[in-house]
Protein chains: 2
Amino acid sequence: MKAFDTAETSFDSHTHDHRRCVRSALQTAEALCQQHGVRLTALRRRVLELVWTSHCPVGAYDLLEMLSKDQGRVAPPTVYRALEFLLANGLIHRIESRNAFVGCPHPQEAHAGHFLICRVCGAAAELSDPGIEATLDQRAGELGFFVEAKTVELRGLCKGCRARRPDGGEQSA
Amino acid sequence: MKAFDTAETSFDSHTHDHRRCVRSALQTAEALCQQHGVRLTALRRRVLELVWTSHCPVGAYDLLEMLSKDQGRVAPPTVYRALEFLLANGLIHRIESRNAFVGCPHPQEAHAGHFLICRVCGAAAELSDPGIEATLDQRAGELGFFVEAKTVELRGLCKGCRARRPDGGEQSA
DNA sequence: GGCGATAAGTTATACTATAACATTATCACG
DNA sequence: CGTGATAATGTTATAGTATAACTTATCGCC
């Protein structure tokens, strides 16, 4: 597996052309679902698009509200089922420490998502680092533990937010 | 920092003398709170003791129910406030992927908790591995990210549960 | 004993997630 | 086509997790 990260695009939401992210994500999703013989229905596609509105993890009830703007009234299971599908097919990741969801930028390759999450701008950047994987797997292995799923979430300040407010978000004195 | 893990004691709840774990945790907590000039009140102490009933992460509402057995009726803020205190003082950890809490076996040293969580027996073992820390910090650092908090949770099968049911918990055929 | 600060009690409510069952859409096959 | 199996969505209700806001009690200190 090759190293991979999205810190540049994720923590730079203001300047990069985010529509490209979205378009690309949807295209990849279409192709991948086709290839796997699963159905990216209009609803699922729309939820994926909504998750991709930004690089910030978005909550299920936020999605619910956004969805309600299109369709009329929407109930929780609708969005949770779409999320379940997207998770199962690796198109999004769940951020456990926020109860929220974020688009996966490289769903082609099966992988656990490792995240840097900025507490100021809220963006989540995905890492995929063979070093991290290897270290974790090795340590678990030594203890006889068989790993099925990994959650790695680092919270703090991204480069940009650090530069803008070195104190980390307090009002400036 | 030295390497550290609790896989033996955590994944071996049936055979080890768990009362010793509890007693030791409470003693350490007393000492530490004294030392830091914070108050381990009867309530907080009791909640810590309840969290330590086992090596399995326990939910806030489970604690609520247990507490109600002692005291009469107890409302959520009571237990959440105690948990908040215990978290702030490093006496317990929060397991994000379960919305649950587990006692910290070495609260003397400030550290992020890294966990192995068995999906069969439910126990959570804490790792503290300089290698993991270093790898994560380094990778974040390269991307200009300042890490304030880490969540590392590996879910799967512990050694014992693997031996008992290689399939991982399905009914045997 | 009175005062300020910290902790706990109380009530209400917000947020997150799923169970269970009814209905509709899709697709393979005859 | 039609029809029946399967998958997807709609609907209603409820379970599970967490916090806001305000009141009362307790502690430590002068």
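Each chain gets a letter, A, B and so on, in the order its sequence line appears, and its residues count up from 1.
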Any side-chain donor paired with an acceptor under 3.5 Å for B/Thr151 and B/Arg94?
no
Kindly point out which of C/dT26, C/dT18, C/dA7 is positioned nearest to the side chain of B/Arg39?
C/dA7
Measure distances between side-chain N and O atoms of A/Arg73 and base N and O atoms of D/dG10, and say whether any donor-acceptor pair falls under 3.5 Å.
no
DNA chain D contacts made by residues 84-104 of chain A, counting heavy atoms under 4.0 Å:
none
Round to the nearest Å and state the distance from B/Leu83 atom CG to C/dA7 atom P.
15 Å
Answer yes or no: is there an ion pair linking A/Glu84 with A/Arg81, defined by an N-O contact shorter than 4.0 Å?
no
Does the side chain of B/Thr78 reach to within under 4.5 Å of the side chain of B/Val47, using non-hydrogen atoms?
no
Could you tell me the separation between the CG atom of B/Leu64 and the C1' atom of C/dA8, rounded to a whole number of Å?
14 Å
d(CG, A/Asp70; P, D/dG10) in whole Å:
12 Å
Is B/Tyr61 stacked on the base of D/dT17 when the test is centres under 5.5 angstrom and planes under 30 degrees?
yes
What nucleotide, of C/dA8, C/dT11, D/dT11, holds the atom closest to the side chain of A/Pro77?
D/dT11
Which class fits the ring pair A/His106 and A/His111: parallel under 30°, tilted 30 to 60°, perpendicular over 60°?
parallel
Classify the ring geometry between A/Phe115 and A/His93 as parallel (under 30°), tilted (30 to 60°) or perpendicular (over 60°).
perpendicular
Tell me the interatomic distance from A/Leu43, atom CG, to D/dG10, atom C1', rounded to whole angstroms.
11 Å
Nucleotide C/dT6, atom C1' - distance to CG of B/Leu40 in whole Å
15 Å
If I take atom CD in residue B/Gln34 and atom P in nucleotide D/dG28, what distance separates them, rounded to the nearest angstrom?
11 Å
Do B/Leu91 and B/Cys104 have side chains that get closer than 4.5 Å, going by heavy atoms?
no
Side-chain N or O of A/Thr78 versus OP1/OP2 of D/dG10: is the shortest distance under 4.0 Å?
yes
What is the distance from OH of A/Tyr80 to P of D/dA13, rounded to the nearest Å?
19 Å
Please answer whether the main-chain N or O of A/Thr9 pairs with a side-chain N or O of A/His16 as donor and acceptor at a distance below 3.5 Å.
yes
